[in-house]
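Report on the structure given below.
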Amino acid sequence: MKTIVMLSGGLDSSIVLALAAKNGLGPIAVHYNLPFGLYGDKENFRSSAKGITERLGVPLKEVFLGEDFIEMIKAPAHGRGKNFNPCIDCRIFNFRNAKKIMSDEGASFIMTGEVLGQRPMSQHKQALRMIEEGAGLEGLILRPLSARRLPVTIPEKEGWVGKELLLDIHGRGRKRQMELAEKLGVRDYPMPAGGCLMTDKGFSRRIKDLAGFKPDFSVEDASFLSIGRHFRISPVFKMVAGRNKGENEKLLEMARPGDIIFNIENVPGSLGVGRGEPKEEDIRLGAAIIGHYSDIDPDSEHPVLCKRHGDSGGERVTVVPASEKELSAVRI
Ligand code: SF4
């Protein structure tokens, strides 16, 4: 017997993976990485997914979602939740992908840590059914944590899973899952903040800005969205400023030839990466923003080195750091 377990690395899916492993269901864990860069929480979930599969001796398949995922989020057929999150289409997309892995691996069904009523858009009965149908997986998705509250699935009918695996948890509480985690020895999992970055208000503003000004945006554009402070300087020019040394280095790594790098040399502070077609005044504003986030006198002029990534030389633009008012006019 082989099963696919969709593993975010959080509490619920980690419990399901442990249940599957301990009950001899031959789980193969599948972990999805969204194309918005791997920082903060996402990195924690990823290492937690790696950690638990290693502890249980379960194979892990990491899927890095790419351009086809980006195309899906641009125009989701089932709409969005409160923010940019297209949960129904996203789940259908990921289940279709898992279905392919299931068939490649010769697995019989898919298990998830979904809990009925835990998330408003994608975890009520009608949505679960719609997602299953959309992915062509009717009866083949077992959600053990809420199984007793859901229609009977093929694995249950066929007797592939025992009753001890079928629970009746529902809603947003985590108490029962925590007790189960304790029993199963599942620990060190990050607590979810209620969804991915697309459910976050601030991130949604950024991605809406990107989709509005660059409707044909790519994975490469999207990967910038989870890092730094973002400024819409003109309809065709945007700048991201690092919030600390780590982000400055990451931004520099992610910059591509032709991007404009803003840097105040020899002073601790923010590094900026601008992308698009800036006019001279856009470069000046970008430089002034970088001045604002650097350790310099806010009332006097300073040179900021601005150069195309990959070019040598560049130009020193002398500016007074931007005021709060100037920043809020362009902050995304
Ligand atoms: S919260 Fe994010 S990752 Fe989860 S289903 Fe919704 S859009 Fe997809």
Indicate yes or no for a side-chain donor-acceptor contact from [X] to the backbone of [Y] under 3.5 Å, with no hydrogens or angles considered.
X	Y	result
Ser48	Gly9	yes
Lys99	Gly136	yes
Ser146	Ile169	yes
Thr318	Glu301	no
Lys125	Arg149	yes
Thr199	Asn85	no
Ser204	Met198	yes
Asn244	Gly246	yes

(request) Let me see the working for Phe109 and Met1 under side-chain contact (heavy atoms from CB on, under 4.5 Å), right down to the final yes or no. (result) CA-CA 10 Å; Phe109 64 102; Met1 168 70 62; 3.9 Å; yes
(message) A quick test of your reading: do over 12 heavy atoms of other residues, nucleotides or ligands sit less than 6.0 Å from NZ of Lys22?
(response)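 For Lys22, atom NZ is crowded (more than 12 foreign heavy atoms under 6.0 Å).
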(message) Hydrophobic clusters here meaning ILVMFWY residues chained together by side-chain heavy-atom distances under 4.5 Å, can you tell me if Leu140 and Val152 are in one?
(response)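 No; Val152 is not reachable from Leu140 via cluster members.
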(message) Taking Phe213 as the starting point, is it possible to reach Ile332 by hopping between hydrophobic residues whose side chains are less than 4.5 Å apart?
(response)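 No.
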Give every donor-acceptor pair under 3.5 Å between a side-chain atom in residues 274-281 and any protein atom, sequence neighbours left out.
residue	atom	partner	partner atom	Å
Arg275	NE	Asp259	OD1	3.0
Arg275	NE	Asp259	OD2	3.4
Arg275	NH1	Asp221	OD1	3.4
Arg275	NH2	Asp259	OD2	2.9

(request) Kindly state each residue pair satisfying salt bridge (charged side-chain N to carboxylate O under 4.0 Å, His left out) with at least one member in residues 306-320, sequence neighbours excluded. (result)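 Salt bridge (charged side-chain N to carboxylate O under 4.0 Å, His left out) check on residues 306-320 returns Glu265-Arg316.
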(message) By the salt bridge (charged side-chain N to carboxylate O under 4.0 Å, His left out) test, which pairs, at least two apart or in different chains, include something from residues 126-145?
(response)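 Every pair satisfying salt bridge (charged side-chain N to carboxylate O under 4.0 Å, His left out) with a residue in residues 126-145: Glu114-Arg143, Glu132-Arg143.
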(request) For Ile261 and Leu271, run side-chain contact (heavy atoms from CB on, under 4.5 Å): C-alpha distance rounded to whole Å, both residues' side-chain angles, the deciding distance at 0.1 Å, then the answer. (result) CA-CA 7 Å; Ile261 311 295; Leu271 175 132; 4.1 Å; yes
(request) Please assess Ile101 against Val63 for the test side-chain contact (heavy atoms from CB on, under 4.5 Å), listing each intermediate value before the final yes or no. (result) CA-CA 10 Å; Ile101 300 175; Val63 179; 4.1 Å; yes
(request) Could you identify which residues cluster with Leu128, counting Ile, Leu, Val, Met, Phe, Trp and Tyr as linked when any side-chain heavy atoms lie under 4.5 Å apart, either directly or through a chain of such contacts? (result)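 Leu116, Leu150, which link up through side-chain heavy atoms under 4.5 Å apart, make up the rest of the cluster.
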(request) If you link ILVMFWY side chains whenever their heavy atoms are less than 4.5 Å apart, which other residues fall into the same cluster as Ile290? By chain and number, please. (result)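 Listed partners: Phe231, Ile233, Phe237, Met239, Ile260, Phe262, Ile264, Val267, Ile283, Leu285, Ile289, Tyr293, Ile296, Val304, Val317, Val319, Leu327, Val330.
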Sequence neighbours excluded, which residues qualify as side chain to side chain contact (heavy atoms under 4.5 Å, CB included) partners of [X]?
X	answer
Ser300	Asp297, His302
Arg172	Pro120
Ala29	Leu7, Leu17, Thr53, Val58, Leu60

(request) To the nearest 0.5 angstrom, please state how far the CD1 atom of Ile207 sits from the CG atom of Leu225. (result)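 Answer for the CD1-CG pair, Ile207 versus Leu225, is 5.5 Å.
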(request) Kindly compute the distance separating CD1 (Ile110) from CE (Met6), expressed to the nearest 0.5 Å. (result)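 The CD1 atom of Ile110 sits 6.5 Å away from the CE atom of Met6.
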Please list, one pair per line, the donor and acceptor atoms closer than 3.5 Å that link side chains of residues 175-187 to other protein atoms, with sequence neighbours excluded.
residue	atom	partner	partner atom	Å
Arg176	NH1	Asp168	OD1	2.8
Arg176	NH2	Asp168	OD1	3.1
Gln177	NE2	Asp12	OD1	3.2

With a 3.5 Å cut-off and sequence neighbours excluded, list the donor-acceptor pairs that the side chains of residues 67-81 form with protein atoms.
residue	atom	partner	partner atom	Å
Glu67	OE1	Val219	N	3.3
Glu67	OE2	Val219	N	3.3
Glu71	OE2	Lys74	NZ	3.0
Lys74	NZ	Phe217	O	2.8
His78	ND1	Asp89	OD1	3.4
His78	ND1	Asp89	OD2	3.2
Arg80	NH1	Ile73	O	3.1
Arg80	NH1	Phe84	O	3.0
Arg80	NH2	Ile73	O	2.9
Arg80	NH2	Lys74	O	3.4

(request) For Asp188, check salt bridge (Lys or Arg N to Asp or Glu O under 4.0 Å) against everything at least two apart and list the hits. (result)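 Partners of Asp188 under the salt bridge (Lys or Arg N to Asp or Glu O under 4.0 Å) test: none.
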For residues 159-167, dump all side-chain donor-acceptor pairs below 3.5 Å to protein atoms at least two apart in sequence or in another chain.
none

(message) Consider salt bridge (Lys or Arg N to Asp or Glu O under 4.0 Å). Of Lys214, Arg331, Arg232, which one does Asp209 pass it with?
(response)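 That would be Arg232; it is the only one of Lys214, Arg331, Arg232 passing the salt bridge (Lys or Arg N to Asp or Glu O under 4.0 Å) with Asp209.
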(request) Determine, step by step, whether Leu197 and Leu34 satisfy the side-chain contact (heavy atoms from CB on, under 4.5 Å) criterion, reporting the C-alpha distance in whole Å, the side-chain angles of both residues, the deciding distance to 0.1 Å, and the verdict. (result) CA-CA 9 Å; Leu197 278 171; Leu34 268 60; 5.8 Å; no
(message) I'd like to know if the side chain of Glu326 pairs up with that of Ser323 as donor and acceptor (distance under 3.5 Å, no hydrogens or angles considered).
(response)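 Yes, a side-chain donor-acceptor pair sits under 3.5 Å.
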